[in-house]
Amino acid sequence: MYQGSKLARGDSPVSVIGAGIAGAWQALLFAQAGHRVTVHERSDEAMMLSTSHWAGGMLAPYCEAESSEPLISRLGLRALDLWRRELPDTPFNGSLVVAHSRDRNDFERFARLTCGHRRLDARALAGIEPSLEGRFRDALFFPGEGHVEPRRVLPKLHQRIIAAGGTIKFNSEPRVADIAADGDNIVIDCRGLAARDTEPELRGVKGELILIETGEVELARPVRLIHPRWPLYVIPREDNLFMLGATSIEAEDTGVSVRSALELLGAAYAVHPAFAEARIVEFGSGLRPAYPDNLPRIEVDDNRIAVNGLYRHGFLIAPALAELTLAYVQCGRIDNEVMQCA
Ligand SMILES: Cc1cc2nc3c(=O)[nH]c(=O)nc-3n(C[C@H](O)[C@H](O)[C@H](O)COP(=O)(O)OP(=O)(O)OC[C@H]3O[C@@H](n4cnc5c(N)ncnc54)[C@H](O)[C@@H]3O)c2cc1C
């Protein structure tokens, strides 16, 4: 739908608050479109205060359809194109879903609720992931999916923002209202869970993870293990690292419980027993910013735009949300499923 936007101007300066995955993509697309972009981020370059720092980084619109609304698939599929366009070295090796024989029914249910996959028998599975030879009788292979390494891709996006003419101020924590009051400045508020002062409906959904290191197992793509409570997965990282993730708990504390650690490590062991000899590098957790319906929102109120509620899909959908925000500012286009205008 098109509607005259009070913000429909291509030359306004844009302040983005928050350099997590949502803010980074907003800043990049606005800077490339010719806006004078300044990003404010309260963390230093390590981005330890962002949820994005703790994420798995799977770009999995097909797998996520098992437990998400169609909107997530729509945004996610569009975002895959934007990842390919902006960071062509993003690995698109697909992803795998496997199951213990006792979770067979859940495996078949996962297959029914998702598309974009083909079934591999044990031989075909070993053909694409030799480390998994003899481990599972079959698997679902989603060839169109990708994954990024958040702690490497965020700095890459930040560099691209600067290359496109933007400025990033780390250790900078301005008040959104102060920046919004500054002339014709457009403010894009991407503070994640910290935006609860203006977004009281937001809640944090805790996700725990473990990072392990081993040279005994090689994987080219994320492997999800069907689990009765959570989709547990093993994601290969560079330097022989693997991320084991992730729980999903309605709590806002930090740290990793013994129970979660047992489940995450158990999942890795089920994928390959050689993980038992791996070295534990890190335990961690992050809080996913979520609205009550677990769907993202772009809220427009005069010259303030809030992009939030990316929940468990931030890496998957952030590029598409940035494209929608830009289309609104530049031509007044409104996506009724995602945008709310005051
Ligand atoms: C364990 C785990 C695994 C996950 N795996 C995946 C996955 O595989 N795929 C996927 O797509 N998603 C995944 N997610 C979800 C994803 O991490 C989130 O959706 C995403 O990080 C949210 O991004 P954001 O930019 O909205 O928030 P954040 O990453 O939290 O960014 C907000 C930023 O704003 C900054 N900030 C806050 N207040 C201020 C202020 N006043 N001034 C300046 N800066 C401020 C913060 O420091 C922060 O850097 C996972 C999450 C977790 C916890």
Side-chain angles (χ1 to χ4, degrees), residues 15-27 38-61 63-64 68 72 75-76 79-80 83 95 145-151 153-154 157-158 168-179 187-199 202 204-211 222 224 230-233 235 243-249 252 254 256 260 264 283-291 294 296-297 306-322:
S15 296
V16 177
I17 317 294
I21 195 64
W25 270 99
Q26 296 283 336
T38 307
V39 184
H40 296 271
E41 167 56 49
R42 66 180 176 180
S43 295
D44 61 17
E45 282 87 342
M47 294 294 294
M48 297 281 284
L49 298 177
S50 70
T51 302
S52 302
H53 178 79
W54 304 103
M58 287 184 296
L59 310 177
C63 283
E64 288 299 320
S68 307
I72 300 301
L75 295 171
L80 294 188
W83 278 107
S95 52
E145 298 193 328
H147 67 283
V148 293
E149 191 164 337
R151 295 177 194 183
V153 92
L154 280 175
L157 287 169
H158 295 161
I168 306 185
K169 296 183 177 176
F170 289 101
N171 303 305
S172 171
E173 191 173 353
R175 285 184 59 235
V176 175
D178 291 345
I179 296 193
V187 179
I188 307 182
D189 179 352
C190 300
R191 288 177 295 152
L193 203 55
R196 275 199 285 207
D197 54 343
T198 51
E199 302 288 328
L202 279 176
V205 181
K206 180 176 167 180
E208 296 152 296
L209 61 113
I210 302 177
L211 214 53
R224 291 186 189 228
W230 300 304
L232 297 179
Y233 49 78
I235 307 179
M243 175 188 160
L244 316 178
T247 56
S248 187
I249 300 175
E252 295 199 359
T254 53
V256 178
S260 298
L264 292 167
F283 289 96
S285 67
L287 296 177
R288 306 172 179 98
Y291 288 111
N294 292 338
R297 287 185 200 164
V307 181
N308 217 320
L310 278 67
Y311 182 46
R312 50 180 290 165
H313 306 116
F315 283 79
L316 176 61
I317 63 176
L321 293 177

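Whatever order the structure lists ligands and atoms in, that order sets their numbers, starting from 1.
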Top protein contact for [atom], by heavy-atom distance:
{"atom": "atom 44 (N) of ligand 1", "result": "Arg42 N, 3.0 Å"}
{"atom": "atom 33 (C) of ligand 1", "result": "Glu41 OE1, 3.6 Å"}
{"atom": "atom 40 (C) of ligand 1", "result": "Glu173 CG, 3.5 Å"}
{"atom": "atom 19 (O) of ligand 1", "result": "Tyr311 O, 2.6 Å"}
{"atom": "atom 17 (O) of ligand 1", "result": "Ala55 CB, 3.2 Å"}
{"atom": "atom 10 (C) of ligand 1", "result": "Arg312 O, 3.4 Å"}
{"atom": "atom 26 (O) of ligand 1", "result": "Ala22 CB, 3.7 Å"}
{"atom": "atom 9 (N) of ligand 1", "result": "Met58 O, 3.0 Å"}

Quick one: are [X] and [Y] in side-chain contact, heavy atoms under 4.5 Å?
{"X": "Leu287", "Y": "Trp54", "answer": "no"}
{"X": "Arg312", "Y": "Glu64", "answer": "yes"}
{"X": "Val16", "Y": "Cys190", "answer": "yes"}
{"X": "Glu199", "Y": "Asp189", "answer": "no"}
{"X": "His158", "Y": "Glu41", "answer": "no"}

Which bit of [X] gets closer than 4.0 Å to ligand 1, counting heavy atoms only: side chain, backbone, both or neither?
{"X": "Ile17", "result": "side chain"}
{"X": "Leu209", "result": "side chain"}
{"X": "Arg288", "result": "side chain"}
{"X": "Phe170", "result": "neither"}
{"X": "Ser172", "result": "backbone"}

Indicate yes or no: does an N/O atom of [X] lie under 3.5 Å from an N/O atom of ligand 1?
{"X": "Asn308", "result": "no"}
{"X": "Gly314", "result": "yes"}
{"X": "Gly286", "result": "no"}
{"X": "Gly56", "result": "yes"}

How long is the straight-line distance from [atom2] of [Y] back to [atom1] of [X], given to the nearest 0.5 Å?
{"X": "Leu310", "Y": "Leu321", "atom1": "CG", "atom2": "CG", "result": "5.5 Å"}
{"X": "Ile17", "Y": "Thr38", "atom1": "CD1", "atom2": "OG1", "result": "9.0 Å"}
{"X": "Ile235", "Y": "Glu149", "atom1": "CD1", "atom2": "CD", "result": "9.5 Å"}

Trp83 and Val153: side-chain contact (heavy atoms from CB on, under 4.5 Å), yes or no, with the steps? CA-CA 11 Å; Trp83 278 107; Val153 92; 3.7 Å; yes

Yes or no on side-chain contact (heavy atoms from CB on, under 4.5 Å) for Ser260 and Ile249, after CA distance, side-chain angles and deciding distance? CA-CA 10 Å; Ser260 298; Ile249 300 175; 4.0 Å; yes

In sequence, state the C-alpha distance, the side-chain angles, and the governing distance for Tyr311 and Ile72, and then conclude on side-chain contact (heavy atoms from CB on, under 4.5 Å). CA-CA 11 Å; Tyr311 182 46; Ile72 300 301; over 6 Å; no

Does the separation of the ring centres of Tyr233 and His147 fall below 6.0 angstrom?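 Ring centroids of Tyr233 and His147 are no less than 6.0 Å from each other.
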
Taking a cutoff of less than 4.0 Å between a non-hydrogen atom of the residue and any ligand atom, is Pro174 in contact with ligand 1?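 Pro174 counts as a contact of ligand 1 under the 4.0 Å cut-off.
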
What are the atoms of ligand 1, with element, lying closer than 4.0 Å to any heavy atom of [X]?
{"X": "Ala246", "answer": "1 (C)"}
{"X": "Phe315", "answer": "10 (C), 11 (O), 12 (N)"}
{"X": "Met47", "answer": "49 (O)"}
{"X": "Trp54", "answer": "1 (C), 2 (C)"}
{"X": "Cys190", "answer": "32 (C), 33 (C), 34 (O)"}
{"X": "Ser43", "answer": "47 (O)"}
{"X": "Ser52", "answer": "20 (C), 21 (O), 23 (O), 25 (O), 28 (P), 29 (O)"}
{"X": "Leu310", "answer": "19 (O)"}

One pair to check against side-chain contact (heavy atoms from CB on, under 4.5 Å): Val256 and Thr247. What are the steps and the verdict? CA-CA 10 Å; Val256 178; Thr247 56; over 6 Å; no

Measuring from atom 22 (C) of ligand 1, which candidate in Gly192, Ala60, Pro289, Gly309 has the nearest non-hydrogen atom?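 The option holding the nearest heavy atom is Pro289.
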
Show me the donor-acceptor pairs, under 3.5 Å and distance only, between side chains in residues 172-179 and residues at least two apart or in other chains.
| from | atom 1 | to | atom 2 | distance (Å) |
| --- | --- | --- | --- | --- |
| Ser172 | OG | His40 | ND1 | 2.8 |
| Arg175 | NH1 | Asp178 | OD1 | 3.0 |

Is a donor on one side and an acceptor on the other found under 3.5 Å between the side chain of Arg42 and the backbone of Gly18?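 Answer holds: no.
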
Any donor-acceptor pair under 3.5 Å linking the side chain of Arg288 with the backbone of Lys206?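 It does hold such a pair.
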
